[in-house]
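Have a look at the structure below before the remarks.
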Protein chains: 2
Amino acid sequence: MFSKSCEYGIRAVIYIVSASKNGERVGISEICQNIDAPEHFTAKILQILTRNRIVSSQKGVHGGFYLDDYQKGLALIEVVTAIDGKTLFTGCGLGLKQCSETNPCPIHSKFKSIRNDIKKMLEQTTIEELGNSIKKGKSVLKTLKI
Amino acid sequence: MFSKSCEYGIRAVIYIVSASKNGERVGISEICQNIDAPEHFTAKILQILTRNRIVSSQKGVHGGFYLDDYQKGLALIEVVTAIDGKTLFTGCGLGLKQCSETNPCPIHSKFKSIRNDIKKMLEQTTIEELGNSIKKGKSVLKTLKI
DNA sequence: CAAATAAAAGACAAATTTATCCTTTATACA
DNA sequence: TGTATAAAGGATAAATTTGTCTTTTATTTG
């Protein structure tokens, strides 16, 4: 469904929101320890997100990543689109470039509703909402240690 | 969503069903010309499907690929599972191995309904049904030449 | 200003997916 | 029975994705 990059990206932003109380910044190593992701690789993904102004960052001492109030309210679809592009919502299920309403592939209509559901779900879910779910302990971002 | 292999595999079986009138066999080069897919690569995917008894094949003169009546009635999910496995229906949206009902990721429940919809769609759609859509000219499997 | 810190960026490597080529095996039919 | 045919299978290559390492840049703080 999502690429590994996108999975790490989503997990990272959710962690940042859940961990940075009152504007505190979170470092890349802390992030990656808490989402079970490779550090340098995830750093590059966060670079993409900061370039797209989905995440904010600060270099130097006490630097790190954080989300401002506007960014917290962004929907998950912003993260997904920045990393994986729009193919998941717009592309043909069978990979046909010319597939369209007037020139449909055999599963076009059946696929359309699913694509729309995915899109709707990602549009309606905010980063903050998912961060709160982590804060409250209702969900997790990594394998629990035993 | 699906891998390239899976896209080619689905397109191939739909073409075979749509093109093989009364048990006629269809050769790999004809298949690939009509679904815009690389020949040798698609041949390997059809090998997987024949090993899984989703497609039938015959070597030698007048050989080729075909689907018997039972195989025509198979659902698309058989094709997808044989090629891409079950991760699309069972895996976590954020790639967490331990994600489950009791230990959910933040998007677990929202994702579940979408996964179920995809699964349901693939279970309810038969290969034959899609082949008929092609036969009737209601849909296409490749870019139309202008 | 200098040192320490942390993200940004660039270069490179491993792994996986996608694609191609060549040889082998099975089948039909003359 | 032998030859042509077409799928099966093996080996290899290209492309993409994923992952690592090192250097550079910006910022804070003493």
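Keep in mind that this is a model prediction, so the values were computed, not measured. Lettering of chains follows the sequences in order, A, B, ..., and the numbering in each one begins at 1.
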Please determine whether a side-chain nitrogen or oxygen atom of A:Tyr8 lies at a distance below 4.0 Å from atom OP1 or OP2 of D:dT18.
no

Counting any heavy atom closer than 4.0 Å, what does A:Ile28 reach on the DNA or RNA strands: base, sugar-phosphate only, or nothing?
sugar-phosphate

5'-most by nearest nucleotide on DNA chain D - A:Cys6 or B:Gln47:
B:Gln47

Measure from CZ on B:Phe41 to P on D:dG10 and round the result to the nearest Å.
17 Å

Counting heavy atoms from C-beta on, name the nucleotide in D:dA7, C:dA11, D:dT18 closest to the side chain of B:Phe65.
D:dA7

Distance check needed: D:dG19 C1' versus A:Ile35 CD1, whole Å only.
14 Å

Length of the NZ-C1' vector between A:Lys4 and D:dT16, whole Å
16 Å

Checking all strands, does B:Thr50 fall into the base, sugar-phosphate, or nothing category for heavy-atom contacts under 4.0 angstrom?
sugar-phosphate

Any side-chain heavy-atom pair of B:Lys44 and B:Ile48 under 4.5 Å:
no

Please test A:Lys110 against B:Glu129 for salt bridge (charged side-chain N to carboxylate O under 4.0 Å, His left out), starting from the C-alpha separation and ending with a verdict.
CA-CA 12 Å; A:Lys110 296 187 179 213; B:Glu129 173 190 346; 2.8 Å; yes

What I want to check is whether an N or O donor and acceptor connect the side chain of B:Gln58 with the base of C:dA28 at under 3.5 Å.
no

Counting only distance, no hydrogens or angles, is the base of C:dT25 paired donor-acceptor with the side chain of B:Lys59 under 3.5 Å?
yes

I need the NE2-P distance between B:His40 and D:dG10, as an integer number of Å.
17 Å

State which of C:dA4, C:dA19, C:dA9 makes the closest approach to the side chain of A:Arg51.
C:dA9

List the atom of B:Cys32, the atom of B:Pro38, and the distance in Å for their closest heavy-atom pair.
SG-O, 4.0 Å

Within this structure, what is the CD1-to-C1' distance between A:Ile48 and D:dT18, rounded to whole angstrom?
12 Å

Just to confirm, is there a sub-4.0 Å distance from OP1 or OP2 of D:dT29 to any side-chain nitrogen or oxygen of A:His62?
yes

Any donor-acceptor pair under 3.5 Å between the side chain of A:Glu39 and the base of D:dG19?
no

May I ask you to say what B:Val26 touches in the nucleic acid, namely base, sugar-phosphate or nothing, with a heavy-atom cut-off under 4.0 Å?
sugar-phosphate

Side chain to side chain contact (heavy atoms under 4.5 Å, CB included) partner of B:Phe65, chosen from B:Val13, B:Ile16, B:Leu49:
B:Ile16

A:Gln124 (side chain) donor-acceptor with A:Met121 (main chain) under 3.5 angstrom
no

With a 4.5 Å cut-off on side-chain heavy atoms, are B:Tyr66 and B:Val26 touching?
no

Base, sugar-phosphate, or nothing: which does A:Ser5 touch, judged by heavy atoms less than 4.0 Å apart?
sugar-phosphate

Closest nucleotide among D:dT18, C:dA8, C:dA9 to the A:Ser57 side chain
C:dA8

What is the separation between atom CZ on B:Arg25 and atom P on C:dA26, rounded to the nearest whole Å?
17 Å

Rounding to a whole Å, what distance do you find between B:Asn52:CG and D:dA7:P?
19 Å

Please report, rounded to the nearest Å, how far the C1' atom of C:dT18 is from the CD1 atom of B:Ile83.
14 Å

